Every structure is written in C-alpha cells, then in structure tokens.
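Keep in mind it's a predicted model, so treat the numbers as computed, not measured.
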Amino acid sequence: MNEHVQGAGGPLFNPLSPDFIRDPYPHYERLRTNDPIHVTPFGQFVTSRHADVSLVMRDKRFGKDFVERSKRRYSAAIMDEPVFRSMSHWMLQADPPDHTRLRGLVVKAFTARRVEDMRPRIQEIVDQAIDAVIDRGHMDLIEDFAFRLPVTIICEMLGIPEDHREVFYKSSRDGGRLLDPVPLTAEEVKKGNEGNLMAQMYFQQLFELRRKNPGDDLTTQLVQAEEDGNKLTNEELTANIILLFGAGHETTVNLIGNGLLALHRNPDQLALLKARPELMAGAIEEFLRYDSSVQMTGRVALEEIEDLGGKRIPKGETVLCLLGSANRDPAVYPDRPDRLDVTRQNVKPLSFGGGIHFCLGAQLARIEAEIAIATLLRRLPDLRIDDVENPEWRPTFVLRGLKRLPASW
C-alpha cells in the first residue's frame, strides 16, 4: 500500500509534524519523485506534481462535495456541529449551481477596476503602520505590520465600523486548523464551534445595523440580496461574510510575512529589490510561488477517474492538491525551482487555486503585498529580522504563515 512508502525520516506525508511545518519542500520533492499520487493513512489521494494539481482544480469531474465528504470522514452527526454547518454554506466549499449563485453576489466587489482604485487607501494604511513604530526601532512584522493592513481593508470592504475593529486586530488566528487534511479532535471541533458562534453573533448585529443604515459596502450588498429571498438565506449570508473576513486577510498576512522572510534569507535578492523597485510586481509572483501562503486545496472525484497520474480514483474519494509542491515542480520551473529569484520570468503560481474556485481576492492580495513590501524596503532600508534561521511558524499546514517575526532597525 502506498501509505507505507517511507522516505528518509518517516512517512512521506505527515503535514502537521513540526519538521513538515518548518520546511515542507524537501517532503514535497520526495513525494513528486517517489509517489506522485500518494495515498494517506486516511485514504486520501495526494497529488504533488504541477500537471496533476492543475488538472484536478480545473476538471469538472472533480468538485467539493463538502457535506458528504465530511460525513464520510467523521460521521453523519458532524453536520450537527455549528462550525461544519457554517462551512457547508461557504462558496469555497460549494459546487454549482450554489457556487455560481453565491460567487455572483460578491464578485462585483472585487473587479480589477475597484481593486486598482484602492491603491491610495492601501498606501495610507501601510504608511500609518510604519509611522506608529518607526521611532521604536523594532516591531513584530506580523502583528504590527502584515496583519493590520489586510484586516483594515477587509473591515472597510465589509462596512465594519471603525470603533468595532480593535477586536478584529486582537482576534486569534487559530482558525486555520479547520482546513487541514488531518481530522479535527473533539476539542478542536469545540474550539471551532466557539469561534464560529462568536463570529455569527457579531455579524448578525452588523446585518441589523446595515439594514437600518445601508452603506456602500459588501455587507449591505449581501443583506439586500438576502432580502430578495431567492438569492441568499440568512445562514448563507452569515457563513459567507465569515468566509470573506477570514479569506480577506489570512492569506495576505502570510504572503507579506513569508515574502519578507524569504527576502531576508536571500540577501542578494533583497539588495536587488532595493536597487530595482520596479521588479516588485514580478517579485510578488515569485514570493507566491516560492513559499505559498496556501499550501493545499482539496477536491472530491464526482465520478470514477480511470487515470490520474497512473492511478484510478474511485468516485467519492478525496484528492488533495499540494499547491506548494506544484509551485516548485522542476517540470514547470526547470531553473532551480528551490531558489528565490525575483527576476524569474513567466511565474504563474497556483497559490490562488484554479478553475471555478480561483481566489476572488487574488488581485487585492497582490496589490496589498506589493505596496506593503515596497514601502517597508523604502522607508526602513536597514531593517533586520532578528532570527531568520528559526522563525516561529503557525502550527497549521494549509494556511502557511508565521506566528511572529520580530525585526529591528
């Protein structure tokens, strides 16, 4: 059986082990080389090559099938858990026609034009974050810098009043475990339920506020869609606002943090980017490729798949797509894929997913990271990360990011 294929140093795919979280890339290389369609002890198929990952994300024979997938993994009772019920309404976990309907309601808020128009506001928030710490001579690049920008932007987009935001800046970032491919413990489900309940309580109040005082924001738009009845139920409204809030900042925080760490671990690339700021837009694509803030996405085979990379996938089986591995596949990046190169050409990272679930906020995340990192390099040119060798990673696998990243200047 494939799940017993061992590499040097234990199982090929053990995504929550500290070693894997610290540096998943050697593990990915072993998977691509030894067992590119790997079967885990939980019976999931794991794809690690770019061609297979791309195919699964785009092929209509694969879907999300969230409710049935969750019942198979836990038991039918899992859908009684509030956090799973809420996730079952996320557009991220939906298949057409629900997915088409839900995404259609929010896509207008993320058009290229609207996002491009946000540049001056993004610049203002980044400058304020640096102004607040510049005289101290030190900060945590995650808490004081990377985190505040996307949280502020998504709060503004959702119409969350300014005097409510402090709680969002302070809120914990441990929800990422819900997305990991290792089943949750009873304790983790309980924590997920508590977090979900708090969020539901808050957003229900926000909906009332926006019904009485409509604004030019996404929440008002969705509340009005809910009132049209056939477009959105109250449960869908709440679940998708929670999703938009989480997805609207989590991945961008990680993109900025992982990008800054990668630059400071590669001083030649850092120097190059300081000397040639015009390379920044391309560098963001390379950061996405080199150390993706989302490492994995999943699909379910909606019919029997005769041949995926040489394996037969029975109907109903889960296929995990390792985005972080695909992004370093030498078949697509023959020129030293494990090296950070801010001048690399034709970088098309799979970090934002693909197919109908391609990330709505991809362009917003790119612009936020571009402005944040460029401004930091310009305004704090002698900034040094205190410990580039042993940073503290968050203990989650799918959402890859740092817990903290102390720096001084």
**Student:** Identify the two heavy atoms, one from Pro349 and one from Leu288, that lie closest to each other, and give their separation to 0.1 Å.
**Tutor:** CG-CB, 3.8 Å

**Student:** Got a second to check how far Thr47's OG1 is from Arg32's CZ, nearest 0.5 Å?
**Tutor:** 12.0 Å

**Student:** Looking just at side-chain N and O atoms, do Ser48 and Ser325 make a donor-acceptor pair shorter than 3.5 Å?
**Tutor:** no

**Student:** Should Arg379 and Asp131 count as an ion pair when the cut-off is N to O under 4.0 Å?
**Tutor:** yes

**Student:** State which residues pass side chain to side chain donor-acceptor pair (under 3.5 Å) with Gln93; sequence neighbours excluded, sorted by chain then number.
**Tutor:** none

**Student:** What distance separates Gln123 CD from Ile371 CD1, expressed to the nearest 0.5 Å?
**Tutor:** 5.5 Å

**Student:** Under 3.5 Å, is there a donor-acceptor pair between the Arg299 and Thr297 side chains?
**Tutor:** yes

**Student:** Does any donor atom in the side chain of Gln200 or Ser86 lie under 3.5 Å from an acceptor atom in the other side chain?
**Tutor:** no

**Student:** Looking at Lys403 and Glu143, is there a salt bridge between them, counting it only when a charged N and a carboxylate O are closer than 4.0 Å?
**Tutor:** no

**Student:** For Tyr202, enumerate each residue passing the side chain to side chain donor-acceptor pair (under 3.5 Å) test, keeping only those at least two apart in sequence or located in another chain.
**Tutor:** His164

**Student:** With sequence neighbours excluded, what pairs up with Gln221 under the side chain to side chain donor-acceptor pair (under 3.5 Å) test?
**Tutor:** none

**Student:** Hey, could you give me the CG/CG distance between Leu383 and Leu260, rounded to the nearest 0.5 Å?
**Tutor:** 8.0 Å

**Student:** Using the test side chain to side chain donor-acceptor pair (under 3.5 Å), find all partners of Thr318 that sit at least two apart in sequence or belong to another chain.
**Tutor:** none

**Student:** Could you tell me which residues satisfy ring-ring contact (aromatic ring centres under 6.0 Å, His included) with Tyr169, sequence neighbours excluded, listed by chain and number?
**Tutor:** none

**Student:** Is the shortest distance from a Lys or Arg side-chain nitrogen in Arg72 or Glu317 to a carboxylate oxygen in the other one below 4.0 Å?
**Tutor:** no

**Student:** Which pairs count as ring-ring contact (aromatic ring centres under 6.0 Å, His included) when at least one residue sits in residues 99-145, sequence neighbours excluded?
**Tutor:** His99-His357

**Student:** Could you tell me which residues satisfy side chain to side chain contact (heavy atoms under 4.5 Å, CB included) with Cys155, sequence neighbours excluded, listed by chain and number?
**Tutor:** Val151, Ile160, Arg165, Phe168, Phe245

**Student:** Could you list the residues that satisfy side chain to side chain contact (heavy atoms under 4.5 Å, CB included) with Ser88, not counting sequence neighbours?
**Tutor:** Phe66, Val67, Met79

**Student:** Quick one: salt bridge (Lys or Arg N to Asp or Glu O under 4.0 Å) pairs with a partner in residues 321-335, sequence neighbours left out?
**Tutor:** Arg328-Asp338

**Student:** Residues two or more places apart in sequence or in another chain: which of them pass ring-ring contact (aromatic ring centres under 6.0 Å, His included) with Tyr25?
**Tutor:** Tyr28

**Student:** Return the CG to SG distance between Leu92 and Cys359, rounded to the nearest 0.5 Å.
**Tutor:** 9.0 Å

**Student:** Can you confirm whether the side chains of Asn258 and Ser293 place a donor and an acceptor under 3.5 Å from each other?
**Tutor:** no

**Student:** Regarding Glu194 and Lys190, does a basic nitrogen lie under 4.0 Å from an acidic carboxylate oxygen?
**Tutor:** yes

**Student:** Mind checking side chain to side chain contact (heavy atoms under 4.5 Å, CB included) for Ala112 and listing every partner two or more places apart, or none if nothing turns up?
**Tutor:** none

**Student:** Treating Thr219 as the side-chain partner and Leu158 as the backbone partner, does any N or O pair qualify as donor plus acceptor under 3.5 Å?
**Tutor:** yes

**Student:** Can you check side chain to side chain donor-acceptor pair (under 3.5 Å) on Asp19 and Ser17, steps first, answer last?
**Tutor:** CA-CA 5 Å; Asp19 183 48; Ser17 71; 5.4 Å; no

**Student:** Would you call Lys348 and Glu285 a salt bridge, using N to O less than 4.0 angstrom?
**Tutor:** no

**Student:** Ignoring hydrogens and angles, tell me if any N or O in the side chain of Asp35 forms a donor-acceptor pair with the backbone of Leu31 under 3.5 Å.
**Tutor:** no

**Student:** Heavy atoms only: give me the nearest Asn327-Ser292 pair and the separation to one decimal.
**Tutor:** ND2-CB, 3.8 Å

**Student:** May I ask you to establish whether Arg400 and Trp393 are in a cation-pi arrangement, using a distance under 6.0 Å from NZ or CZ to the six-membered ring centre and at most 45° from the ring axis?
**Tutor:** yes

**Student:** For Leu270, give me all partners under side chain to side chain contact (heavy atoms under 4.5 Å, CB included), at least two apart in sequence or on another chain.
**Tutor:** Leu263, His264, Lys274, Leu377

**Student:** Quick one: CZ on Arg394 to CZ on Arg404, what's the gap to the nearest 0.5 Å?
**Tutor:** 11.5 Å

**Student:** If you count every heavy atom of other residues, nucleotides or ligands that lies below 6.0 Å from Glu162 atom CD, does the total exceed 12?
**Tutor:** no

